[in-house]
Amino acid sequence: MRYTPQELEAEWRERWAESGQYEADPDRRGGDDATFVTVPYPYPSGGMHIGHARTYTVPDVYARYRRQQGDNVLFPIGWHVTGTPIVGAVERLKNGEEEQIHSLENAFGVPESDLTALETPMGYARYFIEEADCSYKTGMRRLGLSIDWRREFTTNDERYSKFITWQYETLKERGLLENGLHPVNYCTNEEQPVTTHDLLEGEDTEFQEYTLIKFEDKDEGVVYPMATLRPETVRGVTNAYVDPNATYVRATVDVSEQRSDGSDSAAASSGGEEWIVSVEATEKLDLQARNVDVEETFEGIELVGERVTNPVTDEEIIVVPAGFVDTDNATGVVMSVPAHSPDDWIALEEAKARANDLTEYGLDPDEIRAIEPRAILTIEGYGEFPAKDAVEDHGVESSSDPALEEATQELYNSEFHRGELIEEYGEFAGESIEDVRDELESHFQRQGVFDAMYDFSEAVVCRCGGDVEVAEQETWFLRYNDAEWSEKALRAIENLDAIPETTREQYTHTVDWLEEWPCIRNYGLGTRLPWDDEFVIEPLSDSTIYMAYYTIAHRLEDVPPEEMDRDFFETLFYGEGAVADPDPDERALELREEWDYWYPVDYRCSANDLISNHLTFFLYHHAELFDEERWPRGITSMGMGLLEGEKMSSSKGHVVLPDEAIETYGADTVRFFLLNSSEPWQDFDWRAGEVGSTRDQLERFWNRAVDVIEEPEGERDLETIDRWLLARLQRTVRTVTDAMERFETRTASQHAFYRFEEHLKWYRRRVNLDQQGTDASPEYPARGVSAQRPGVRWTLRTVLETRLRLLAPFVPFMANELHERLTGKPAEDVPWPEPVPEFENPTVVERERLVKDVLEDVRDIIAVTDTDPETIRLYVAADWKRTVLDTVLDVGPNRGRVMGDVMQDEALREKGDAVNALVGDLVALVRERDDSTLASLSEIDERAVYEDASAFLAREFDADIDVYDEDGDPVDPDGKASQAQPFRPAIHLE
RNA sequence: GCGAGGGUAGCCAAGCGGUCAACGGCGGCGGACUCAAGAUCCGCUCGUGUAGACGUUCGUGGGUUCGAUCCCCUCCCCUCGCACCA
């Protein structure tokens, strides 16, 4: 019976599909025995790769385990198509973009002829959901995932949208949605928001919020908004810079717009102010929801020499020309803080050096030379002017010196964390920048002397070639920073079984920093915002409670979508009294029963990187919309996958497709490798070499199992070594079960398979199961399974049956097949094993350890002495040594006390040094073992152990084995016998 | 920077206070079987060693302890997340 996984697996897949094996319906088992496991529905913007295979196999293994434990288990799946990725992919494909076509053809093996089918978003989605070889559904079926396929849906389905509509209308009504402005990446050419995916340049650039400090030209009543990322340096400003050759404008800028940065800085300042900014800045300000009316355009040179007043210190400073000013960054008007900015320090030095040249701008050189740096903070390790020290320490020569950036980085960093503001800062004095920057900024914003704007620090370009800027858009937010809502979310986290436990803190931390979440987009697939169909609810917001939808998805066909209104869902989720209608919707009430049966979600198997958004949202929404007993019970967070030690990348074609892997190795091997090579939350590494050897191991398992199955059953007539293997088996059952409860798939499969293989290997040696070596002399003839005594056959069958049940969740095809051949029933249809008390036997385990110890010791001696003994003599320690050991056990592993006690005994006292040495060793022996091990050891008759094992040892070493008592007048040519200690016989080789 | 996780022999990786020179796998070496290869089985794989031992190891430097890979502190390095990509 050869192992041919492809054939075998096809049969089982067909069998499962025909019988609807995994279609789960509420049944007589009560809700307590209902287990509901979910995994994030796939996003079919491309094919399935081996990393996804693990994601879906982990919940499958748990689902299969729970079924064997007697639970009614629901494991459903759906398809997430919301948002822009699919639409974007289709666009790129239609535009004939090389990279996109390459990725489809190379990574996912999409034939050219199929490409046209992918030119509509849902066509594209369908293709990767179920049509392609690399589609998710194909992969999932081949992997043998125990999914209830009747319940699948996509997030673009009309009925699903009704469900999301209910969710958002409810949240809005509860005041958890609000609208406001929000900064987004905006293509000025296409005049629409763009995603990271749409960018040609600057994909990794994030926009920053600049503080604008409103210096004022009091004579003219004009504001010079100076952009800075370090608003706390406002008291250190010595002068301003403009680019004399650039174009500036005077414009009326509306500053009354509410800002949406979450702070209460909606400073109700007056309508418009006259601002001096670069011409580039006007467009940015305009995009950031300000009215900008340009009054006058002129060259920067005209600003040179103007005097403006610092709104915080009320001091006048002068505007100086500088070529380094970038007018495309923020306002194009910058302030100089030479004491704390290495750039400004150098710039000032250089300005002073060429002060005489500045007369051409009508500046007084002496006035420039008189500019003095002003320190605004103190910091340990730096002098009065930290920038000066930084410049000198890094040996910065000029403004073009590359060391300048390094100096700046280091100083900014130190000042941010360790700098303390000087007295003039009043309430902020003495505080570190880190602690007060935000506070200080909003303080001055409230006073109306600071403002803010967004900008990128480098150019960002759209794929269309257009310039991308930061625009403020009207949008809707989920109020995740709402105190009451956060409170509920925190309670949901407390109740949660967070696997691994270390993730719990990440959830609480996320709740702590989460602000409002913009939950709509301008385009993409999905559900329209109910009260404004211009917008679509974005993917992380339409996927927070959809697990509830699984419970009813397969029973909605007869409900017309238009009837799935708010009352329908209110009745479904909140019951009969939830709506005013005296005649509640019967269909909704029926569906409610099923929802009620399955909910809550017992375990959600998801990914580490989703903790800080999706998973936390999932908890928020459940906490708000459902009662506490419906909140999620547990979340398992999974790590990611590597391929041959490197990140997988579908764009580079560096992926392995499940379909191909299954073709090569079989689904059981793929599953087993994925679950056994690391715990779910650890990263795994797909290495073809190791997958291949996994396959070999499974094949060997199969072959041996078939050997056992084909032989007669044997009888329950057990010897010690059989009892040893059975005792090991009970421990394995215990370990595997504990591990399964905690989603430790690696530990579980490792013990059920590899660890137990080790035990079996020993057992096979002990009973001489395999023909091996030339030492199979007539005296100890080699034998196969068939020739074994009935007790061995009985033991092997028992062990196999139990292991097949333990392995069934991991390798369901193989385990079910073998179990059925062995017992007539598939493993999945019989209960999960429990430890059998009569076979639990710690003493026999310790006994066998002694045999292994002796084997190793003898082998060591042979290796060191390079001999080939004909006779091996073992000497069991004398009785008085056992007496000493008993004393140690009695008084505890304390050398002094043991000696004190032992020396009471005259016979022992006479032995003096020998006793002293022995006590030392025995104290160590006792210290190193736990009580139960010691108790087991105490029960052992050592001499019997070695005598029972002597035939085995004789075979191993091809030598005669003689066992003696040390104090039984033994044959002892080299005087070794006296070295014997309890549980460590003396050895003599000859 | 903030939050989280991690650094163990050639590689992957377990261990998280004593039975640890450190499970297991891969790779390598030697042997058995075989015409041969593969598979399978046995042994070795830090150093020294003609008796089961000893010495030096688990990112760095300290500390706690009779005893630390395991606990505490310092530092160095790596990975992930930090919001509009899902």
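Naming convention: chains lettered A, B, ... in sequence-line order (proteins, then strands); numbering from 1 in each chain. Only this structure's heavy atoms are used, side chains among them; waters, hydrogens and symmetry mates stay out.
One N or O on the side chain of A:R54 and one on the backbone of A:G639 form a donor-acceptor pair closer than 3.5 Å.
Across all strands, A:S45 comes closer than 4.0 Å to no nucleic acid atom at all (heavy-atom distances). Residue contacts for A:I611: at a heavy-atom cut-off of 4.0 Å it reaches no nucleic acid atom on any strand shown. No contact: A:E699 has no heavy atom under 4.0 Å from any strand. Residue A:L989 is classed as a base contact, given a heavy-atom separation below 4.0 Å to a base. Across all strands shown, A:H614 has no heavy atoms under 4.0 Å from either base or sugar-phosphate atoms. Residue A:R521 is in base contact, counting any heavy-atom pair closer than 4.0 Å across all strands shown. Contacts of A:P869 with the nucleic acid, taken as non-hydrogen atoms under 4.0 Å apart, are absent.
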Pull out every protein N or O sitting under 3.5 Å from an N or O of nucleotides 78-83 of chain B, one pair per line with the distance.
{"unit_1": "B:C80", "atom_1": "OP1", "unit_2": "A:K647", "atom_2": "NZ", "d": "2.6"}
{"unit_1": "B:G81", "atom_1": "O2'", "unit_2": "A:S612", "atom_2": "OG", "d": "2.6"}
{"unit_1": "B:A83", "atom_1": "OP1", "unit_2": "A:E206", "atom_2": "OE2", "d": "3.4"}
{"unit_1": "B:A83", "atom_1": "N1", "unit_2": "A:E515", "atom_2": "N", "d": "3.1"}

Report all interatomic pairs (protein N or O, nucleotide N or O of nucleotides 53-59 of chain B) with separations under 3.5 Å.
{"unit_1": "B:A53", "atom_1": "OP1", "unit_2": "A:R984", "atom_2": "NH2", "d": "2.8"}

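Contact annotation: A:R437 does not reach the phosphate of B:G1 (side-chain N/O to OP1 or OP2, under 4.0 Å). Distances shorter than 4.0 Å separate none of the side-chain N or O atoms of A:Q682 from OP1 or OP2 on B:C12. OP1 or OP2 of B:A86 sits under 4.0 Å from a side-chain N or O of A:T84. Within the structure, every side-chain polar atom (N or O) of A:R764 is placed at least 4.0 Å from both OP1 and OP2 of B:C41.
B:G24 and B:G62 have their P atoms separated by 33 Å, given to the nearest Å.
Relative orientation of the A:W513 and A:H509 rings is perpendicular, given thresholds of 30° and 60° on the angle between their planes. In this structure, A:F756 and A:H759 have perpendicular ring planes: the angle between them is above 60°, well past the 30° mark.
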Once pairs are restricted to Watson-Crick or G-U wobble with both distances under 3.5 Å, how does RNA chain B read as a dot-bracket string, [ ] for crossings and | for other-strand pairs?
((((((((.[[[..)..(.....]]]((((((.......))))))(((....)))...[.[[[..)....]]].])))))))....

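Evaluation of the salt bridge (Lys or Arg N to Asp or Glu O under 4.0 Å) rule for A:R604 yields no partner, not counting sequence neighbours. Residues passing the ring pair (Phe, Tyr, Trp, His ring centres under 6.0 Å) test with A:H751, sequence neighbours excluded: none.
Among the nucleotides B:G5, B:A86, B:G52, the one closest to any side-chain atom of A:P539 is B:A86.
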Where along nucleotides 17-30 of chain B does protein come under 4.0 Å, by heavy atom, of base (B) or sugar-phosphate alone (S), with - for untouched nucleotides?
-BB---BSSS----

Take A:F673 and A:Y665 through the ring pair (Phe, Tyr, Trp, His ring centres under 6.0 Å) test and state the conclusion after the steps.
CA-CA 10 Å; A:F673 180 82; A:Y665 305 105; 8.8 Å; no

